[in-house]
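Taking it in order: structure first as structure tokens, then the write-up.
Lettering follows sequence order; numbering is per chain, from 1. A quick note: this is a predicted structure, and the numbers were derived from the prediction, not measured.
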Number of protein chains: 2
Amino acid sequence: MELTDRQKQILRAIVDIYVSTAEPVGSKAIAALPDVSCSSATIRNEMAELTQIGLLEQPHTSAGRVPSPAGYRLYIDELMQDYRLSLDETRSLNEALELKSQEFDKMMSQVGKLVSKMTDLPAYTVATRRSEAVAKHFDLIMAGPGSIILVLMLSDDQVKNKLIKLPVSVSESDLKLLAAVLNASLTDLTAEEITGELLEKITRSAGAASPLAPLVMDFTLECLRQQHGDVHLTGQMRLLGQPEYKDAAKAQEVFETLDEELISNLPAVLPKDGPVQFLVGPENVAKELKDTSVVMMRFDIGEGMQGTIGVVGPTRMDYAKITAKLGYFAENLGKMFQKGGAATPPALTEGTEASDK
Amino acid sequence: MELTDRQKQILRAIVDIYVSTAEPVGSKAIAALPDVSCSSATIRNEMAELTQIGLLEQPHTSAGRVPSPAGYRLYIDELMQDYRLSLDETRSLNEALELKSQEFDKMMSQVGKLVSKMTDLPAYTVATRRSEAVAKHFDLIMAGPGSIILVLMLSDDQVKNKLIKLPVSVSESDLKLLAAVLNASLTDLTAEEITGELLEKITRSAGAASPLAPLVMDFTLECLRQQHGDVHLTGQMRLLGQPEYKDAAKAQEVFETLDEELISNLPAVLPKDGPVQFLVGPENVAKELKDTSVVMMRFDIGEGMQGTIGVVGPTRMDYAKITAKLGYFAENLGKMFQKGGAATPPALTEGTEASDK
DNA sequence: TATTGGCACTCAGAAGGAAAGAGTGCTAAG
DNA sequence: CTTAGCACTCTTTCCTTCTGAGTGCCAATA
């Protein structure tokens, strides 16, 4: 059944108002809007019908209306108007984007903090592997007597290192030999293909550096098996600023699920069809989060990696604004990462002033 | 003025009870304790005196007593009985300590998570430099056409790496040359001693790899200037489990200060005199945290580094238990790090059963 | 037929007590 | 010096009442 234009307008208005006030919206409030030209009674009739269809809900008989999950869904899919970032906002996003060039993981964590700050909601970032990783290059560096640095480059351009301390000292040439062996026999293999047998073979060929071999193998396996980078979740406390979580118990429940649950489950529901994905209330991963929603967006990082940034908030959140901000981040982060990590913020692009508020 | 034994006993009892109930303690509750042999009236008299001296407080005339900050201080300094970890607790701490051997920073973050989980309170970790860091060793690894991995080892045994992508490709021998130049002229220098002049000199001697030189220098400076490792703060939400923060607004206030304030200020108040330090309520860094306390403990990590783990909680927290747990962590982490990062939990040491409850 | 003003009705939340209960301080007796 | 007893204080809790926002429906209107 199709909604009439007026019904759409009313639904949109209700979501918009509810998003900013967090209070059920009454018919009078709608009628008072400048671009609504009918009386509150008419609105009431329409609202009754929208409630009937299941797009609105009534906390109790004598309260205003609140969008139902289905209502939000419809709003997001069809009614939501693009939020245009104001110049001011663009500017502060740009400022924020001046990331210190750093190690990959730190950068991701920093991005999470930024997004959280900019949206005033909890945010997370994950880097996911698009394909199975293999080792591309090994290097062993002598760092002191008995101290060896293992540097491992993966097919997705991540670089990992580990400082290994041995009770015995190994000569520079032994290290070279082992590195050569590793590069010859351990590269381009997936985690499954690395067997105990192979380890033995390598240890045998490693000569004096053989005690190193198992340590290197372990570390390599560990790196290869890491399906996705660490989940960085920050700004949880910002959720407390939202009226629906003013009861600490409620907030805690969400947090408890969020921490663990998110880490294990969210990457699985990564957007496949589009760059942005909304998980509205009950669509969410865990039933504890039924009043909580997630907006997530992915962006491309170098070779085999793909990043996701997400924002967690009450189902009543400003999807349009958040999407706009996430989009800005995603776009520019993608560019930055692809340039190879040199973090220069994009040129300030002029845009018509936004319709904030 | 010295306290009588009985007064001490009463103060201790009040702290102990208040710690576990979070409710003001009445004279009756004390009198009912098995090892107290006088009546509630006597207790009342003593309590009145303790209140007089300023060791106890009364939320209102007809309520029981609560320890004042000074009371907590005295308790911690003189009255607190060592908490002995139960075998069960030791066991689960040991299990927790089976850290995945990983990069240094991740390990610290993991430690924070563990401590938070084990104490059920927010926790943080920082690694602080004991002395000024210098670069000890540079290495440049060819990772592909135009892709170079810079590996930098610092005097405090930290290893940093960065993947640099250049639009032009550089030959293996050019890299070797630059690495040699770097090792010859950039090692053992503090951040201040690295000047623009030096950069020019290096760039000149770098030959074909010269475009790399400034990037390397920047990264090096960044690493050297990092006074302390990242602050890893986790488990903030656990604070919500504490009754004093059941009001979300209160909790949020603490969180807001905690995040930023902690990062910048806590390392400054690092324990200098002993391994463990208590910041009780108003002694704290920020006035917003006046009802919040911090227990922190340091431990030694390799060469020039020193780690701090801390727990944040209501002033009414179980200092003895938390100290015991932190101590266990600190001790074993120290050992682990000094062994060079191979994370083996310590042998399970037998201990008399603890007086938990 | 669609809209509108009007009106009775509902119900959550605020406001105002009253009663209960925990704990104190003080006094007088042991 | 200790203790039982008692009057007193204040918070907390539980009602009850009241208020007001918002609805649904109906009859009048364009």
Side-chain angles (χ1 to χ4, degrees), chain A residues 1-11 13-15 17-18 20-33 35-68 71 243-244 246-247 250, chain B residues 2-11 13-18 20-68 71 243-244 246-247:
Chain A
M1 201 207 88
E2 249 323 286
L3 295 183
T4 67
D5 278 355
R6 192 167 62 195
Q7 284 173 329
K8 285 182 187 167
Q9 184 191 19
I10 292 173
L11 177 56
I14 290 178
V15 175
I17 295 177
Y18 184 60
S20 60
T21 62
E23 303 271 298
V25 183
S27 53
K28 246 186 216 162
I30 304 281
L33 289 173
D35 52 348
V36 168
S37 56
C38 54
S39 78
S40 68
T42 313
I43 307 284
R44 274 203 290 284
N45 290 330
E46 297 284 29
M47 276 162 71
E49 190 159 341
L50 288 171
T51 309
Q52 177 84 31
I53 317 177
L55 295 176
L56 294 180
E57 278 172 0
Q58 226 172 348
H60 52 264
T61 350
S62 71
R65 299 306 209 288
V66 160
S68 72
E244 28 273 277
K246 69 171 180 293
D247 172 27
K250 177 83 193 162
Chain B
E2 250 323 286
L3 295 184
T4 66
D5 277 355
R6 191 167 62 195
Q7 285 173 328
K8 285 183 187 167
Q9 185 191 18
I10 291 174
L11 177 55
I14 290 179
V15 175
D16 286 340
I17 295 177
Y18 184 60
S20 62
T21 63
E23 303 271 296
V25 184
S27 53
K28 248 188 217 161
I30 304 282
L33 255 40
D35 51 348
V36 168
S37 57
C38 54
S39 78
S40 67
T42 313
I43 307 284
R44 273 204 291 285
N45 290 329
E46 298 283 31
M47 276 163 73
E49 192 160 340
L50 289 171
T51 309
Q52 177 84 33
I53 317 177
L55 296 177
L56 294 181
E57 277 171 1
Q58 225 172 349
H60 52 265
T61 351
S62 72
R65 300 307 210 286
V66 160
S68 72
E244 28 273 278
K246 69 171 180 295
D247 171 27

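Per the geometry, CG belonging to A/Asn45 stands 14 Å off C1' belonging to C/dG6, to the nearest Å. Going from atom CD of A/Glu49 over to atom C1' of C/dT3 covers 15 Å, rounded to whole Å. Straight-line distance from the CD atom of A/Glu46 to the C1' atom of C/dA2: 10 Å, rounded to whole Å. A straight line from CD1 of B/Ile43 to P of C/dG23 spans 14 Å, rounded to a whole angstrom. The distance from atom NZ of A/Lys28 to atom P of C/dG5 is 12 Å, rounded to the nearest whole Å. Atom pair B/Gln58:CD and C/dG23:C1' shows a separation of 9 Å (rounding to whole Å applied). With rounding to whole Å, B/Gln52 atom CD is found 16 Å from C/dT24 atom P. As a whole-Å value, the separation of B/Leu56 CG from C/dG25 P is 11 Å.
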Quiz item: Does the salt bridge (Lys or Arg N to Asp or Glu O under 4.0 Å) test come out yes or no for B/Glu57 and B/Arg65, once each step is laid out?
Solution: CA-CA 6 Å; B/Glu57 277 171 1; B/Arg65 300 307 210 286; over 6 Å; no

Self-check item: Worked verdict on A/Lys250 versus A/Glu244 for salt bridge (Lys or Arg N to Asp or Glu O under 4.0 Å)
Solution: CA-CA 8 Å; A/Lys250 177 83 193 162; A/Glu244 28 273 277; over 6 Å; no

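The residue B/Ser27 sits close only to the backbone: its heavy atoms come under 4.0 Å of sugar-phosphate atoms, none of a base. Within 4.0 Å of A/Ala41, counting heavy atoms only, lies at least one base atom of the nucleic acid.
Contact annotation: B/Arg65 side-chain N/O to C/dG25 OP1/OP2 distance is under 4.0 Å.
Of the residues listed (B/Val66, B/Leu55, B/Val25), the one engaging B/Ile14 in a side-chain contact (heavy atoms from CB on, under 4.5 Å) is B/Val25, and it is the only one.
You can see that DNA chain D meets the heavy atoms of chain A within a 4.0 Å-exclusive cut from D/dA21 to D/dC25, reading 5' to 3'.
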Quiz item: What does nucleotides 8-13 of chain C look like as a protein-contact string, B for base, S for sugar-phosphate only, - for none, at under 4.0 angstrom between heavy atoms?
Solution: --BBS-

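Smallest separation of non-hydrogen atoms from B/Val15 and B/Pro67: CG2-CG, 3.7 Å. Counting all heavy atoms, side chain and backbone alike, A/Ile10 lies closest to A/Glu46 at CD1-CB, 3.5 Å. A pairwise comparison of heavy atoms in A/Cys38 and A/Ile43 identifies SG-CD1, 3.7 Å as the closest pair.
The CD1 atom of B/Ile17 sits 4.0 Å away from the CD1 atom of B/Ile30 when rounded to the nearest 0.5 Å. Separation of atoms CG (B/Leu50) and CD (B/Gln7) is listed at 5.0 Å; rounding is to 0.5 Å.
When distances are taken from the side chain of A/Arg44 to each of C/dG6, C/dT4, C/dT24, the shortest belongs to C/dG6.
Salt-bridge annotation for A/Lys8 and A/Glu2: present, with a side-chain N of the basic residue lying under 4.0 Å from a carboxylate O of the acidic one.
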